[in-house]
Amino acid sequence: MHDLGTFRANLDAYAERLARRGTTLPLEQFRDLDARRRAAITETEKLRAQQNEQSREVAKLRKEGVDTSAQQAALRAMGDRIGELSKQTDALDSEFRELLATIPNTPHESVPDGKSADDNVEVRAFGAPRPMDFEPKSHWDLGPDLGILDFERAAKVTGARFAVYWGLGAKLERALINFMLDVHTAEHGYTEVLPPFMVNSASLFGTGQLPKFAEDLFKLENSDYWLIPTAEVPVTNLHRDETLDGDELPYRYAAYTPCFRSEAGSHGRDVRGIIRQHQFQKVELVKFTRPDQSFAELDGLTADAEDILRRLGLPFRTMLLCSGDMGFGSAKTYDIEVWLPGQQTFKEISSCSNYEAFQARRANIRFKNGKKSEYAHTINGSGLAIGRTWVAILENYQQADGSILVPEALRPYLNAEVITKRAEIK
RNA sequence: GGUGAGGUGGCAGAGUGGUCGAAUGCGGCGGUCUCGAAAACCGUUGAACCUUUACGGGUUCCGUGAGUUCGAAUCUCACCCUCACCGCCA
């Protein structure tokens, strides 16, 4: 969310910058609504001031023993009028704030112009596809063939877009979680956090999922609890309504959580395999920084995520997203895309974004800068999406006989060098 | 699930219908003293919004929401959260 005062004072500049990402600011609507809102506030407050003053007068008179029933009757009428007025004022004010809350962040100056993913810019690449003298298979064939991935039973137990992992498939998932957390905490300086997997709506507002993207989320019945779509939500909101110590920034957190997404609106996309599931696991990296260090910390966080792929020997490229392809609250985003031989394509496995003060303003996250307190910057990115890493390992390390070679770095975690066909459970 | 206690400023903690944004202490900031520091002393110290060229003025905020009243931190109701004990449970 943008700062109200700055935003209003520089409406045209904001409109120009938002146009870069394809957002048209409803300038007229905004100006009109704001004018009506302010007029209403001014009038209501003027009446309130009168009411307060006259009430004080009543108190004084009553102390002197004077009968004040006439004044009280007049004040009662005034109170009714104020009640009605303030109802209108509140309505205008919340309408205005809702409008403000649905305006996305402005792109950073280092972000290239563009309309879609086609305009994203490759900034780095690593590795080359392993040579294969056979036709590479997709994970949705490899997994079931090996008996480690099961869609039929997942559909029975729950429904579409869910998966069951068996044996070394399940263990590979667990190995990846442990491997990533170990690297980030022991070598990249992150503190491990295990947050709740459900959050309240205030948290979802803080990180920007609400009010605009409720349909992407799962909400629990008869409560204000929602399943988290990413650990970004609980972890960023850890410091909601807090003032952090500026000398101790940046804070760096690594959190493993499952993530739940309704995937409304993506019917027909990635229907095969486990690329797009209602439930997936992720190790998320989150930072709280000072404004002057946030872009350097974004680069650092992106490098930390890339490091996991390097250690696993998985080819990837890092894309700087163009202005038109960025998420709602982000000022700058890098997507890391891993190579998937089964589909002969690069697939997003991490998205690393600097939100600047956009989330901090919504979530009221400040830090003490000398005497003054100002809004912190928040950064987050996957480090990495576990399910898609699992896919990448199967597809990149598959062998001609359909078995999977286990990358060196994972062997201590998996206690195996090759994943072979699992004996069926009788 | 039951019973009881409680939620007030950065923290601790008073305040049970009017001049309370709120005593007091701690912390923070500024100053006096000092070569410097500590101590002591003096002063100062919340946020959002509206208005004003500015100085300033005003409104709201004592867990959240509704209500009573001319007037609510203070009274009523609902909800949320915290703590203690009991029951149940991984």
Side-chain angles (χ1 to χ4, degrees), chain A residues 1-9 11 30-101 194-206 210-211 219-226 234 237-249 258 288 357-358 360-376:
Chain A
M1 191 153 61
H2 299 289
D3 174 67
L4 176 55
T6 320
F7 188 76
R8 198 164 55 200
L11 258 190
F30 204 90
R31 284 207 176 91
D32 173 64
L33 186 57
D34 185 40
R36 285 190 292 138
R37 164 184 165 269
R38 285 155 66 194
I41 289 176
T42 306
E43 198 185 340
T44 310
E45 290 188 349
K46 222 159 63 184
L47 267 180
R48 277 232 172 86
Q50 279 178 39
Q51 185 192 34
N52 288 341
E53 198 193 325
Q54 289 174 31
S55 280
R56 275 192 292 269
E57 189 68 20
V58 168
K60 217 171 80 188
L61 290 173
R62 288 186 58 152
K63 218 176 223 171
E64 295 164 3
V66 180
D67 174 58
T68 57
S69 45
Q71 284 97 323
Q72 287 185 28
L75 277 169
R76 191 175 312 141
M78 184 187 261
D80 292 344
R81 202 141 40 94
I82 290 174
E84 268 172 53
L85 248 177
S86 84
K87 223 175 258 173
Q88 291 169 28
T89 304
D90 288 351
L92 281 171
D93 193 52
S94 42
E95 191 184 338
F96 177 84
R97 280 172 200 286
E98 257 164 58
L99 183 61
L100 188 68
L194 182 63
F197 302 158
M198 300 179 204
V199 292
N200 56 35
S201 49
S203 292
L204 286 160
F205 181 84
L210 291 181
K219 184 168 198 264
L220 300 197
E221 255 187 299
N222 302 322
S223 81
D224 185 40
Y225 294 162
W226 309 64
N237 279 280
L238 246 26
H239 293 304
R240 172 150 53 86
D241 294 321
E242 289 186 15
T243 302
L244 313 174
D245 183 346
D247 294 332
E248 295 197 353
L249 296 177
F288 299 80
F358 190 84
R361 248 180 251 114
R362 292 173 155 250
N364 189 27
I365 303 165
R366 303 155 190 262
F367 72 98
K368 261 288 200 300
N369 188 13
K371 300 178 217 172
K372 283 198 319 194
S373 73
E374 57 179 295
Y375 289 113

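All values below were derived from every heavy atom in this structure, side-chain atoms included, with hydrogens, water molecules and symmetry-related copies excluded. We name chains A, B, ... by the order of the sequence lines, and we start the count at 1 in each one.
Looking only at side-chain heavy atoms (C-beta outward), A:Trp226 and A:Leu210 come within less than 4.5 Å of each other.
Residues A:Thr42 and A:Glu53 both approach RNA chain B. Their nearest nucleotides, taken by heavy-atom distance, put A:Thr42 toward the 5′ side.
The ring pair (Phe, Tyr, Trp, His ring centres under 6.0 Å) analysis of residues 49-88 of chain A, with sequence neighbours excluded, yields no pairs. Within the structure, side chain to side chain donor-acceptor pair (under 3.5 Å) contacts touching residues 84-101 of chain A (residues at least two apart or in different chains) are A:Arg37-A:Asp93, A:Thr44-A:Thr89, A:Asp93-A:Arg97. The ring pair (Phe, Tyr, Trp, His ring centres under 6.0 Å) contacts involving residues 31-62 of chain A comprise nothing, where partners must be two or more places apart or lie in separate chains.
Rounded to whole angstrom, the span from the CD1 atom of A:Ile82 across to the P atom of B:G58 amounts to 16 Å. Going from atom NZ of A:Lys60 over to atom C1' of B:G18 covers 13 Å, rounded to whole Å.
As rounded to the nearest Å, B:G7 and B:U74 have C1' atoms that lie 15 Å from one another. Atom P of B:G87 sits at a distance of 24 Å from the matching atom of B:C80, rounded to the whole Å. Across the P atoms, B:C79 and B:U3 are found 13 Å apart, a figure rounded to whole Å. Using atom C1' as the reference point in both B:U59 and B:U45, the two lie 22 Å apart (nearest Å).
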- Item | Under 4.0 Å protein heavy-atom contact, by nucleotide of nucleotides 62-72 of chain B - B base, S sugar-phosphate only | --------BS-
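Shown here, B:U82 forms a base pair with B:A5; the pair counts as Watson-Crick or G-U wobble because both key distances fall under 3.5 Å.
For A:Phe358, the ring pair (Phe, Tyr, Trp, His ring centres under 6.0 Å) criterion is met by A:His2, A:Phe328, not counting sequence neighbours. By the ring pair (Phe, Tyr, Trp, His ring centres under 6.0 Å) test, A:Phe96 pairs with A:Phe30, sequence neighbours left out. With sequence neighbours excluded, the residues that form a side-chain hydrogen bond (donor to acceptor under 3.5 Å, both in side chains) with A:Glu374 are A:Asn369.
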Below 3.5 Å between N/O atoms, which protein atoms pair up with nucleotides 46-49 of chain B? Just atom names and distances, please.
| unit_1 | atom_1 | unit_2 | atom_2 | d |
| --- | --- | --- | --- | --- |
| B:C49 | O3' | A:Arg37 | NH2 | 3.4 |

Which atom pairs, donor and acceptor, lie under 3.5 Å between side-chain atoms of residues 198-206 of chain A and protein residues at least two apart or in another chain?
| unit_1 | atom_1 | unit_2 | atom_2 | d |
| --- | --- | --- | --- | --- |
| A:Asn200 | OD1 | A:Ala202 | N | 3.4 |
| A:Asn200 | OD1 | A:Ser203 | N | 3.1 |
| A:Asn200 | OD1 | A:Ser203 | OG | 3.2 |
| A:Ser201 | OG | A:Asp224 | OD1 | 2.8 |
| A:Ser201 | OG | A:Asp224 | OD2 | 3.0 |
| A:Ser203 | OG | A:Arg240 | NH2 | 2.8 |

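Ion pair A:Asp80/A:Arg76 not flagged as a salt bridge, since none of the NZ, NE, NH1 or NH2 atoms sits closer than 4.0 Å to an Asp/Glu carboxylate oxygen.
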